[in-house]
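To keep things clear, I will list the structure first and then write my remarks on it.
No hydrogens, no waters, no symmetry mates; every other heavy atom, side chains included, goes into these values. Whatever order the structure lists ligands and atoms in, that order sets their numbers, starting from 1.
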Amino acid sequence: MTQAQWPEPPGHDAAGAASEAADRGRSLRVRGGRRLEGEIVLSGAKNSALKLMAASLLADEPSTIRRVPRIADVFTMVDMLRALGAKVTFDDGELRIDPSGPLNERAPYELVRRMRASIIVMGPMVARLGRATIAMPGGCNIGPRRIDFHIRGLQKLGAAIEIEHGFIEVTSDGLRGAVVPLDYPSVGATENLLMAATAAQGTTVIDNAAREPEIVDLAKFLMSMGASIHGAGTSSIEIEGGHALHGAIHEVIADRIEAGTYLLAGVATGGDVTVRGLNPPCLELFLNKLRAMGVQVDEGDRTIRARALGALRPVDVSTLPHPGFATDLQAQFMVALSLAEGTSIVTENVFENRFAVVDELNRLGAGITTSGHHAVVSGPRQLTGSVVEAPDLRGGAALAIAGLVAEGVTEVRGLHHVDRGYEDFDAKLAGLGADVTRVEAGGEAGGAGP
Ligand code: UD1
């Protein structure tokens, strides 16, 4: 394998702050009115790849992870693994992580600040080193995102935890298996505990565990490393700990949120879009909501085709942990609901402050009002292009979809949010026939505009 480096991601090079500022200057210019049509080959799931990368720290041999998306959050996790002492290389779509050298116990603030999901290294580090010092993640645009379940769970496994000077210090003289009930099926807490429990002596049971497909993917990777795990994908996961883990080769599952985003882009433009690479049941509830809106949805062997054949109908949506409607598709779905004939109610149950995009959508002409964790979406609306600012990753994708149907030109600023989680976003949209142009800081157009 060659030692080719990752192409240095924008904002993640030595220039640091200056480059980060340039990063924030990136926008997507969208000329609305084109009907999207065609097929998208899905990338690997962001929310799986990041955890698999962290899990590779549990072995003292190299692991290879395939179909890792080239997105900013993955580059941040590469930086994190390197900061912890692992060697990371990339070659022809494969990420190779060698954690066999001496590892550091300290996850720096700069990286945790850049990506809150960095705290996922906590479980593997305690398991491998018996200690971890992780910068406390701050809040973020979609709410405070606490980590109390992670901490209480690790304490149940026998770890001692202190929080001082903005860092969480976790120490353990040997984790012990325990029954760990979660107050809420948190994805990150389930994953951190699952990884830590592989090193705990005896049996651990995580009750009220999250059931996301990415948890199943993580468990499969851990099992291929030699872990003994039962029940991943159900709300009770049992881990028989204490087996030494070895390196493994694994391919990341397809990104279901990316799939939903492109299907919605197709639906909003009255188009015909197929996504390839995903097991359709991963998106069952979402697909049923599309059907209820009057969209023709066909499920095939790892393909999903959505055709908007007529007027869209309103539907009510409540986000919930999997298998409920994914909160990560809520903002994009609201754009389609804005085009439906009637009133829809969207209830956000997973995160606080997850309607940050509503003001920007309304600037494009959507008619959305919010009260607490409810949003009332009135349609149909004729959207009109304007300059808008992406408040976060999924909100940015929603604004791009709105731009695709808006009259005239929409400029979505803050494209760095979208680049955190969507691989080749503009190129993939252009491949479906969208008129999109990536504008780099300073106004230079580049990228995938046709
Ligand atoms: C993950 C996903 C994110 C997705 C979310 C819910 C990654 C990198 N991110 O985030 O895209 O939107 O799942 O599907 O995989 N909570 C606590 N205490 C805790 C942990 C969580 O109160 O210790 C709360 C959070 O504030 C939030 C809710 O539980 O309100 C859900 O959070 P969680 O499932 O942990 O989401 P993440 O793992 O952060």
Side-chain angles (χ1 to χ4, degrees), residues 44-55 68-69 71-74 76-77 80 111-112 114-123 134 136-156 161 163 168 170 180-196 206 208-218 235 252-253 255-258 260-261 282-283 285-286 318-333 347-356 373 392-398 417-418 420-422:
K46 166 178 96 72
N47 288 351
S48 186
L50 296 173
K51 323 307 169 59
L52 301 173
M53 292 169 72
V68 176
I71 52 176
D73 274 7
V74 161
T76 301
M77 188 56 96
M80 174 64 81
L111 294 175
V112 181
R114 209 191 286 166
M115 183 181 67
R116 189 189 176 282
S118 309
I119 56 154
I120 207 66
V121 297
M122 185 157 65
I134 317 255
M136 279 289 279
C140 69
N141 294 351
I142 58 173
R145 305 188 80 169
R146 291 173 294 269
I147 55 166
D148 47 334
F149 305 150
H150 302 240
I151 289 175
R152 283 210 298 272
L154 286 173
Q155 284 169 329
K156 279 252 177 204
I161 307 225
I163 300 179
I168 311 164
V170 192
V180 186
L182 295 178
D183 289 353
Y184 180 90
S186 151
V187 174
T190 301
E191 292 164 336
N192 242 332
L193 296 169
L194 176 57
M195 291 189 275
I206 307 173
N208 199 22
R211 294 183 279 163
E212 270 65 5
E214 293 75 22
I215 306 251
V216 177
D217 202 30
L218 173 62
S235 49
V252 183
I253 55 168
D255 197 312
R256 64 198 163 98
I257 306 303
E258 187 195 30
T261 301
C282 289
L283 273 178
L285 204 98
F286 167 79
S318 290
T319 67
L320 283 171
H322 193 78
F325 189 97
T327 176
D328 287 353
L329 285 170
Q330 177 254 98
Q332 305 89 311
F333 207 82
T347 304
E348 173 57 52
N349 293 307
V350 178
F351 286 112
E352 298 168 44
N353 308 342
R354 218 181 191 183
F355 289 133
H373 65 133
D392 52 40
L393 165 58
R394 306 304 170 185
H417 286 296
V418 177
R420 279 188 41 219
Y422 289 91

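For the side-chain contact (heavy atoms from CB on, under 4.5 Å) criterion with Ser118, the lone passing option out of Met115, Arg116, Arg114, Met122 is Met115.
Ion pair Asp328/Lys46 not flagged as a salt bridge, since none of the NZ, NE, NH1 or NH2 atoms sits closer than 4.0 Å to an Asp/Glu carboxylate oxygen. The pair Lys51-Glu212 does not meet the salt-bridge criterion, since no charged nitrogen lies less than 4.0 angstrom from a carboxylate oxygen.
In terms of polar-atom proximity, Ala117 is not counted as a contact of ligand 1, lacking any N or O under 3.5 Å from an N or O of the ligand. In terms of polar-atom proximity, defined here as any N/O pair under 3.5 Å, Glu191 makes no such contact with ligand 1. The shortest N/O to N/O separation between Gly188 and ligand 1 falls below 3.5 Å. In terms of N/O distances under 3.5 Å, ligand 1 is approached by Val350. Annotation: Ser186 places an N or O atom under 3.5 Å from an N or O atom of ligand 1; distance criterion only. Taking any N or O of Lys46, backbone or side chain, none lies under 3.5 Å from an N or O belonging to ligand 1.
Under a 4.0 Å heavy-atom criterion, Arg354 is in contact with ligand 1. In this structure, Lys51 counts as a contact residue of ligand 1, since one of its heavy atoms falls inside 4.0 Å of the ligand.
The heavy-atom pair separating Ala209 from Leu182 by the smallest distance is CA-CD1, 4.3 Å.
Side-chain atoms of His417 and Asp392 form no donor-acceptor pair, as typed in the model, at a separation below 3.5 Å.
Between atom 18 (N) of ligand 1 and the options Asn192, Asn47, Leu393, Asp148, the minimum heavy-atom separation is to Asp148. Looking at Leu320, Asp328, Val187 and measuring to atom 4 (C) of ligand 1, the nearest heavy atom belongs to Asp328. For atom 19 (C) of ligand 1, the nearest non-hydrogen atom from the set Met115, Arg116, Arg146 comes from Arg146.
Ring geometry for Phe149 versus Tyr184: interplanar angle under 30°, hence parallel rather than tilted (30 to 60°).
The CZ atom of Phe351 sits 15.0 Å away from atom NE2 of His373, with the distance rounded to the nearest 0.5 Å.
Under the 3.5 Å distance criterion, the side-chain polar atoms of Thr327 are left unmatched by any main-chain donor or acceptor of Val350.
Within ligand 1, counting atoms from 1 as listed, the ones closer than 4.0 Å to a heavy atom of His150 are 23 (O).
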